[in-house]
Amino acid sequence: FPVTILYDDNSTWIYNCYDCCGTFEIAQCQLKDLHERKNETCPSFTSLTFQQNHIQPAMQTMTKVSTRGVLIDIAYRDQLKSTYLSQMEPLLKEFHSLAGSEVNPASPKQMQELLYGKLGMPVQLNPKSKSPTTDEHAIEALRKKFPQHSRLFDVLLQWKELNKLVSTYLDIPLTPDNRLTTIFNVVGTVTGRCNSSETIWGYGTNLQNIPRLS
């Protein structure tokens with residue numbers, strides 16, 4: 001049904017009421033559908049009982065875990081970051097020397113100009129987008145084809161690995177009380193496992209792919 005949106009409190013309340021009514025009506029249809037979905041070998045076990053006995057309790061538990069988060073040792077995190085940055089500095093200097101200019105290894109555009117322009121290497125394409133790429137797979141392929149530039153590629157990959165550890169894992173936004181949070185989605189995948197992502201407030205990240213940092 002059409003709803004005319006006017007920017008005042010009354011229209012906002014009306015819109016919210018429609019939203020609640022629509023959600024309730026949809027929920028009634030979903031409950032009916034879940035109840036009718038039965039297991040052939042166990043007729044008493046329906047999708048509704050699975051939802052009530054497994055999915056909903058899991059959602060409550062995951063919500064508690066997501067809200068509480070993990071308390072981070074800030075001093076140790078900063079120590080790790082300082083260690084990695086100190087290792088990256090000489091690698092970057094050597095990379096610039098081998099490249100012959102101060103190319104930013106984190107810039108896809110500058111890396112394409114170096115590899116495919118200045119050094120004249122064959123352009124590597126992303127398998128899905130079919131666009132030029134200088135990702136790790138492309139670098140590995142080029143390193144095999146051009147062993148004379150193996151040191152440049154080795155230094156580049158070492159720098160990129162350390163840079164990923166810092167930017168992706170050690171610079172994760174924390175909550176004001178220094179906790180690393182996430183959002184666990186119980187029905188996040190078609191295989192049945194949950195997935196994890198940054199919170200709606202911009203804190204945290206996917207906590208299911210954190211490497212061991214030491």
If Ile, Leu, Val, Met, Phe, Trp and Tyr residues are connected whenever their side-chain heavy atoms lie under 4.5 Å apart, and connections chain through other members, are V186 and L31 in the same group?
no

Apply side-chain contact (heavy atoms from CB on, under 4.5 Å) to residues Q208 and F184 and explain how you reach the verdict.
CA-CA 10 Å; Q208 294 179 319; F184 284 112; 4.3 Å; yes

Can you find a pair of side-chain heavy atoms, one from Y169 and one from L80, that are under 4.5 Å apart?
no

Residues 100-109 side chain polar contacts: donor-acceptor under 3.5 Å, at least two apart:
from : atom 1 : to   : atom 2 : distance (Å)
N104 : OD1    : A106 : N      : 3.0
S107 : OG     : Q110 : N      : 3.2

Go through K144 and E140 one step at a time and tell me if the salt bridge (Lys or Arg N to Asp or Glu O under 4.0 Å) criterion holds.
CA-CA 7 Å; K144 294 178 181 179; E140 290 289 357; over 6 Å; no

Taking C-beta and beyond as the side chain, do M88 and Q158 meet within less than 4.5 Å on heavy atoms?
no

If two hydrophobic side chains count as joined below 4.5 Å and joins carry through other members, does I55 share a cluster with M62?
yes

Is the number of heavy atoms from other residues, nucleotides or ligands within 6.0 Å of CE (M121) greater than 12?
yes

Not counting sequence neighbours, which residues clear ring-ring contact (aromatic ring centres under 6.0 Å, His included) with H35? List them please.
none

Quick check: is L207 connected to Y76 through a chain of hydrophobic side chains (ILVMFWY, heavy atoms under 4.5 Å apart)?
yes

Step by step, would you call L152 with E94 a side-chain contact (heavy atoms from CB on, under 4.5 Å)?
CA-CA 8 Å; L152 181 145; E94 183 177 359; over 6 Å; no

Within a strict 4.5 Å, meaning less than it, do heavy atoms of the Q124 and Y116 side chains meet?
yes

From CD (Q87) to OG (S82), nearest 0.5 Å
10.0 Å

So which atom in L180 and which in G204 form the shortest heavy-atom distance, rounded to 0.1 Å?
CD1-CA, 3.8 Å

Separation of N178 CG from L71 CG (nearest 0.5 Å)
7.0 Å

Side chains of L98 and R151, heavy atoms from C-beta outward: is any pair under 4.5 Å?
yes

Check for a donor-acceptor pair, side chain of T205 on one end and backbone N or O of I172 on the other, with a separation under 3.5 Å.
no

Give a yes or no answer on whether the side chain of K118 reaches the backbone of Q112 with a donor-acceptor pair at less than 3.5 Å.
no

Would you check if L174 and I74 make a side-chain contact, meaning some heavy-atom pair closer than 4.5 Å?
yes

For the residue pair L119 and H149, establish whether any side-chain heavy-atom pair is separated by less than 4.5 Å.
yes

Gap between atom OG1 of T49 and atom NE2 of H54 - 0.5 Å precision:
7.0 Å

Between T182 and S196, does any side-chain donor sit less than 3.5 Å from a side-chain acceptor?
yes

Between atom OG1 of T133 and atom CG of L115, what is the distance when rounded to the nearest 0.5 Å?
10.5 Å

Just by modelled atom types, is the K93 backbone N or O under 3.5 Å from a matching donor or acceptor in the S97 side chain?
no

With rounding to the nearest 0.5 angstrom, report the CD1 to CG distance, I183 to N195.
10.5 Å

Sub-4.5 Å side-chain heavy-atom contact between F146 and P122:
yes

Check against salt bridge (Lys or Arg N to Asp or Glu O under 4.0 Å), E161 and K164:
CA-CA 5 Å; E161 181 180 2; K164 182 176 181 179; over 6 Å; no

Within the 4.5 Å heavy-atom criterion, are E198 and T181 side-chain neighbours or not?
no

Sub-3.5 Å donor-acceptor pair from the side chain of D19 to the main-chain atoms of Y15, do we have one?
no

May I ask you to decide if T83's main-chain N or O and S86's side chain share a donor-acceptor pair within less than 3.5 Å?
yes

Check: Y203 side chain, P176 main-chain N or O, donor-acceptor pair, under 3.5 Å
no

Kindly say whether P127 contributes a backbone atom to a donor-acceptor pair with the side chain of K130 at under 3.5 angstrom?
yes

Within this structure, what is the NZ-CG distance for the pair K32 and L48, rounded to the nearest 0.5 Å?
12.5 Å

